Amino acid sequence: MMRLLYWYVLAISLMSMPSYAEELQVERSLSGVVINDRMAAATDIAARTLWRQMIAEPERFAPASGFNGVGLGSDAHWLRLDFQRTELERSAPWWLVVEPLNLYDLRLYRRNIQGEFEELASGERVPFAAGREREWRQYAFMLPAHGPVYLRAYDPGGVSFPVALWHQHDLERYEQWGELLLGGVYGALLALCLYNLFLAVSLRDPAYGWYVATTLALAIFLAYLYGHAAQWWWRDWPHWVAMGRVILPSLWGMALTGFVMSFFRTRIHLPIAHRILQIFMLSYLMIITMRLAGAHGLPSLLLTAQSLPGVGLVLYIAIRRWRQGMAGARYFLAAYGIVLAGVVIFLLRVCGLLMPSPLTEFAMPVSATLESLIFSLALARRIKSLRHASKAAFIDELTQLPNRRALEQRFKQYAESEAGRGFSLLTVDLDKFKPVNDQWGHAEGDEVLRILAQRMQSCVRQEDIVARIGGDEFIVLLAPPANTDIVSAVIDRLMEVTRQPVRLGDRSHCLSASVGLAYYPRHGRSFSELSRYADMAMYEAKRAGRGTWREAVPTI
């Protein structure tokens, strides 16, 4: 519907204008200016008319009024430039430049020495050198001494043909600046790839591997869009250039899908969305396979059809994970929004709805570079969050002491070490703690636990570990070597600090501790066995009147 409306408005505007565009005066002030609004345009329905017939029927052409592109279609589009050079520019080298980003079939018609029109075939359908008169990623043709000049553009995937005139001196500088900017983009993307590849190998996190694949696929896709793939890699293989339009964005989409699944851990947090992403992955793989097998229309249609739902799904996942508390999702949304803006500008230019400018020319590579940079920052934030979560899994939330999980891990290290026969385990249970909770509430009881936890932590060596395993029960693991004198000294200090009053405001709480002692491996070779014997000894201390300690009875 939108396309019919577009053609209706275009037809009305063309009918209301004179039959010929005004003849253009080529002067230095025009160098670098897009001249589509000063050319005449015509449409060859279904691309069936012979070029000689089109040239022979000037009444077909009407002022273009800036017309420089359309969306999908099977028509061929013509532009005619009527010009004459000023006296100063009569012998100067001028170039007619077309910068479409993508164009399957581009043909130039100009007069030769004999005054007859000749055809120069260009676009992605011909080898790089054969379709260009200048070693450059874009299409540049020498402007003849006299007009008119005709351009024919055909591309079922969307035709874009912004035309500019360039004086050779200005064009050389324009080329240099463009190559410098794009070189910076490629270099930045490559640097990000190498840096995150190192992190992928070091951290063994698959999200970094997917990030590298995504960034590398994006860099190759950009090189294709801006003509460098044809210039550097596929100079004599136009068939690969034509296939790259479907295969390269599919590879980028497939890598980005894998990155989304790994980055957001959708298998765990959003299982339904994860299964849909898997379907998208298979779809991209199918599109690539079909294109390699020779199909063109269907894979292109499938790639276009799944783009919009794919974008919506990724945005949904990012927003959901943000609401679930994932801090890195904010970075992802910012990066994804930037690259989507660049893609929209690119598509609007391809469809001819935006006039060429430095903004529309380089919006895509600049936004892609910013996206990759912010994705890298999001990965760093994600790893930091995961490390924090991993660390929190070993910490008691109330006292900030190690918890049972950390204790078992340290026990395993000691038991497997060569010096592991010289360590001990103490079970410490506070006496008279229940009345504190019952009379003054759990908030005050928690504060008492925090203070006593700090005191007990000060009683041990740096290599020892004090852990809270629940309620008012603590375990102290004394690292090897821990002989009888060291164990006795630690127990004495523990008994002393727990007897000292705990003052909170105008209240003072007097507690004590019952301690049970077990030695490894005398009383047990596993954590559960050793702690069971230490518990038995602790209960013996409680039965002995509390505020004392007992050693476990050796096993037979």
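Since this is a predicted model, take the numbers as computed values, not measurements.
When each of Trp322, Phe332, Tyr336, Tyr316 is tested with Phe264 by the rule ring pair (Phe, Tyr, Trp, His ring centres under 6.0 Å), just one qualifies, namely Phe332.
More than 12 heavy atoms of other residues, nucleotides or ligands lie within 6.0 Å of CH2 in Trp51, so this atom counts as buried by the packing criterion. The number of heavy-atom neighbours closer than 6.0 Å to CH2 of Trp232, taken from other residues, nucleotides and ligands shown, is above 12. No more than 12 heavy atoms of other residues, nucleotides or ligands sit less than 6.0 Å from atom CD1 of Ile272.
Contact detail for Arg245 and Glu124: the closest heavy-atom pair is NH2-OE1, 2.8 Å. Taking each heavy atom of Ser376 and Asn196 in turn, the nearest pair found is OG-ND2, 3.4 Å. A pairwise comparison of heavy atoms in Ala318 and Ala329 identifies O-CB, 3.6 Å as the closest pair.
Phe161 is not listed as a side-chain neighbour of Leu106, based on a closest heavy-atom distance of 4.5 Å or more. Between Gln400 and Gln457, the closest side-chain pair of non-hydrogen atoms is not below 4.5 Å. In this structure the side chain of Gln231 never reaches within 4.5 angstrom of the side chain of Arg132, judged on heavy atoms. By the 4.5 Å heavy-atom criterion applied to side chains, Ile469 and Phe474 are not counted as neighbours. A 4.5 Å side-chain heavy-atom check between Met326 and His269 finds every atom pair outside the cut-off. Glu179 is listed as a side-chain neighbour of Trp136, based on a closest heavy-atom distance under 4.5 Å.
Between Phe375 and Phe263, the ring centre distance reaches or exceeds 6.0 Å. For an aromatic pair to be called close, the ring centres must be under 6.0 Å apart, and Phe198 with Tyr208 fails this. Ring centroid separation for the pair Tyr109 and Trp78 comes in under the 6.0 Å cut-off.
Rounding to the nearest 0.5 angstrom, the gap separating the CH2 atom in Trp240 from the CG atom in Leu248 is 10.0 Å. Between atom OG of residue Ser283 and atom CG of residue Leu302 there is a gap of 6.0 Å, rounded to the nearest 0.5 Å.
With salt bridges taken as basic N to acidic carboxylate O contacts below 4.0 Å, none links Glu408 and Lys412.
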I'd like a table of donor-acceptor pairs (distance under 3.5 Å, sequence neighbours excluded) in which one partner is a side-chain atom from residues 26-34, with atom names and distances.
| from | atom 1 | to | atom 2 | distance (Å) |
| --- | --- | --- | --- | --- |
| Glu27 | OE2 | Ser29 | OG | 3.3 |
| Arg28 | NE | Asp170 | OD2 | 3.1 |
| Arg28 | NH2 | Asp170 | OD1 | 3.3 |
| Ser31 | OG | His167 | N | 3.1 |
| Ser31 | OG | Asp170 | OD2 | 2.6 |

* Given Glu119 and Arg152, is the salt bridge (Lys or Arg N to Asp or Glu O under 4.0 Å) satisfied, shown in steps? -> CA-CA 10 Å; Glu119 180 184 67; Arg152 178 186 182 274; over 6 Å; no
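At a cut-off of 3.5 Å, with distance as the only test, a side-chain donor of Arg321 or Gln324 sits close to an acceptor on the other residue.
For Ser262 (side chain) and Phe259 (main-chain N/O), no donor-acceptor pair under 3.5 Å exists by modelled atom type. Judged purely by atom type and a 3.5 angstrom limit, Asp396 has no side-chain atom pairing as donor or acceptor with the backbone of Leu401.
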